[in-house]
Amino acid sequence: GIDPSRRFVVVDTATQQMIVWDPGKPVREIPVSTGDESRGYRTPAWYGLVGKYVGTFSAHGVYADEGWYLFEDAGSILIHGAPYKIVDGVKVYEDMEALGSYPASRGCIRLRPEDALWLTGWDPQGVPLVILPRNTG
């Protein structure tokens, strides 16, 4: 389980929120967007430790920054900043309105760019993380 006297992270797929805990108290509530089941993607319920930092990566024709590896489930599941394309040298983010509102990802946990940067500064590697199931029935 999760020890409330230590650091941990909870991702609530029902509310599309991530709560970051430092010993004994929540330090940040972050709007997220998880797997869009209407398009056949999912962010499954899970418990484990945040894995290695992967930084900026590209997948499915877009880029994402501040990636942190979580686990495998029909592909890699990560926490990362919102996806973007580079248009005329500028990052153009996609689906920003989904953050905190509705699932829009292919399974990853998306964050606002500034929240992703904050999370990297918090250094989550090795911190317990739980993804709560999305009850849709």
Side-chain angles (χ1 to χ4, degrees):
I2 291 193
D3 179 350
S5 70
R6 301 181 150 241
R7 298 184 337 147
F8 65 93
V9 177
V10 176
V11 176
D12 187 338
T13 59
T15 63
Q16 298 292 289
Q17 297 292 317
M18 181 170 85
I19 303 164
V20 179
W21 290 76
D22 248 315
K25 66 183 184 307
V27 293
R28 194 158 179 131
E29 187 167 333
I30 299 172
V32 301
S33 185
T34 58
D36 183 354
E37 294 176 5
S38 73
R39 295 188 305 141
Y41 304 114
R42 68 188 197 124
T43 303
W46 181 78
Y47 172 77
L49 303 178
V50 176
K52 293 173 78 171
Y53 178 69
V54 299
T56 299
F57 64 97
S58 66
H60 310 289
V62 295
Y63 295 94
D65 297 329
E66 306 301 331
W68 289 90
Y69 178 81
L70 296 179
F71 60 96
E72 294 293 318
D73 181 79
S76 296
I77 303 293
L78 294 91
I79 299 175
H80 60 74
Y84 62 89
K85 291 183 178 174
I86 299 176
V87 179
D88 298 326
V90 177
K91 293 178 182 180
V92 177
Y93 291 96
E94 299 182 350
D95 299 322
M96 292 293 286
E97 73 284 354
L99 298 169
S101 298
Y102 59 88
S105 81
R106 292 176 177 258
C108 289
I109 300 163
R110 296 178 177 176
L111 312 174
R112 292 182 302 215
E114 60 270 24
D115 288 330
L117 193 59
W118 178 88
L119 184 67
T120 294
W122 190 72
D123 189 19
Q125 186 168 352
V127 172
L129 182 139
V130 61
I131 299 172
L132 301 176
R134 183 174 172 88
N135 297 326
T136 57

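- The CG atom of Leu129 sits 12.0 Å away from the CZ atom of Arg7 when rounded to the nearest 0.5 Å.
- A chain of hydrophobic side-chain contacts below 4.5 Å, direct or via other Ile, Leu, Val, Met, Phe, Trp or Tyr residues, connects Tyr63 to Leu99.
- Going from atom CE of Met18 over to atom CZ of Arg110 covers 14.5 Å, rounded to the nearest 0.5 Å.
- The CD1 atom of Ile109 sits 9.5 Å away from the CD atom of Gln16 when rounded to the nearest 0.5 Å.
- For the atom pair OG1 (Thr43) and CZ (Arg106), the distance works out to 12.5 Å, reported to the nearest 0.5 Å.
- In this structure, the side chains of Val130 and Val11 stay at 4.5 Å or more apart for every pair of heavy atoms.
- Taken together through direct or relayed side-chain contacts under 4.5 Å among Ile, Leu, Val, Met, Phe, Trp and Tyr, Leu132 and Tyr47 form part of one hydrophobic cluster.
- Interatomic distance, Ile77 CD1 to Trp46 CH2, rounded to the nearest 0.5 Å: 10.0 Å.
- For Arg6, the CZ atom counts as loosely surrounded, since its 6.0 Å shell holds 12 or fewer non-hydrogen atoms of other residues, nucleotides or ligands.
- Taking all atoms of both residues into account, the shortest heavy-atom contact from Val62 to Pro83 is CG2-CB, 3.7 Å.
- Looking at every heavy atom in both residues, Met96 comes nearest to Ala82 through SD-CB, 3.5 Å.
- The minimum heavy-atom distance linking Pro103 with Gly35 is given by the pair CB-O, 3.2 Å.
- The two residues Ser105 and Arg39 come nearest to each other via the heavy atoms O-NH2, 3.8 Å.
- If you take CG on Asp12 and CD1 on Ile131, they are separated by 11.0 Å, rounding to the nearest 0.5 Å.
- Grouping the Ile, Leu, Val, Met, Phe, Trp and Tyr side chains by contacts below 4.5 angstrom, directly or via other members, places Leu70 apart from Val54.
- The shortest side-chain heavy-atom distance between Val32 and Leu111 falls under the 4.5 Å cut-off.
- With a 6.0 Å cutoff to the six-membered ring centre and a 45° limit on the axis angle, Arg28 does not count as a cation-pi contact of Trp122.
- More than 12 non-hydrogen atoms from other residues, nucleotides or ligands lie less than 6.0 angstrom from OH of Tyr69.
- Classified by interplanar angle (parallel below 30°, tilted 30° to 60°, perpendicular above 60°), the ring pair Trp21/Phe8 is parallel.
- Linking ILVMFWY residues whenever their side-chain heavy atoms come closer than 4.5 Å, directly or via other members, places Val9 and Trp118 in the same cluster.
- Contact detail for Pro124 and Trp68: the closest heavy-atom pair is CD-CZ2, 3.5 Å.
- You'll find the side chain of Phe71 reaches within 4.5 Å of the side chain of Pro44, heavy atoms only.
- Linking ILVMFWY residues whenever their side-chain heavy atoms come closer than 4.5 Å, directly or via other members, places Ile86 and Tyr93 in the same cluster.
- Side-chain contact between Asp65 and Lys91 is present, with heavy atoms from C-beta onward closer than 4.5 Å.
- Taking all atoms of both residues into account, the shortest heavy-atom contact from Gln125 to Tyr53 is OE1-N, 4.4 Å.
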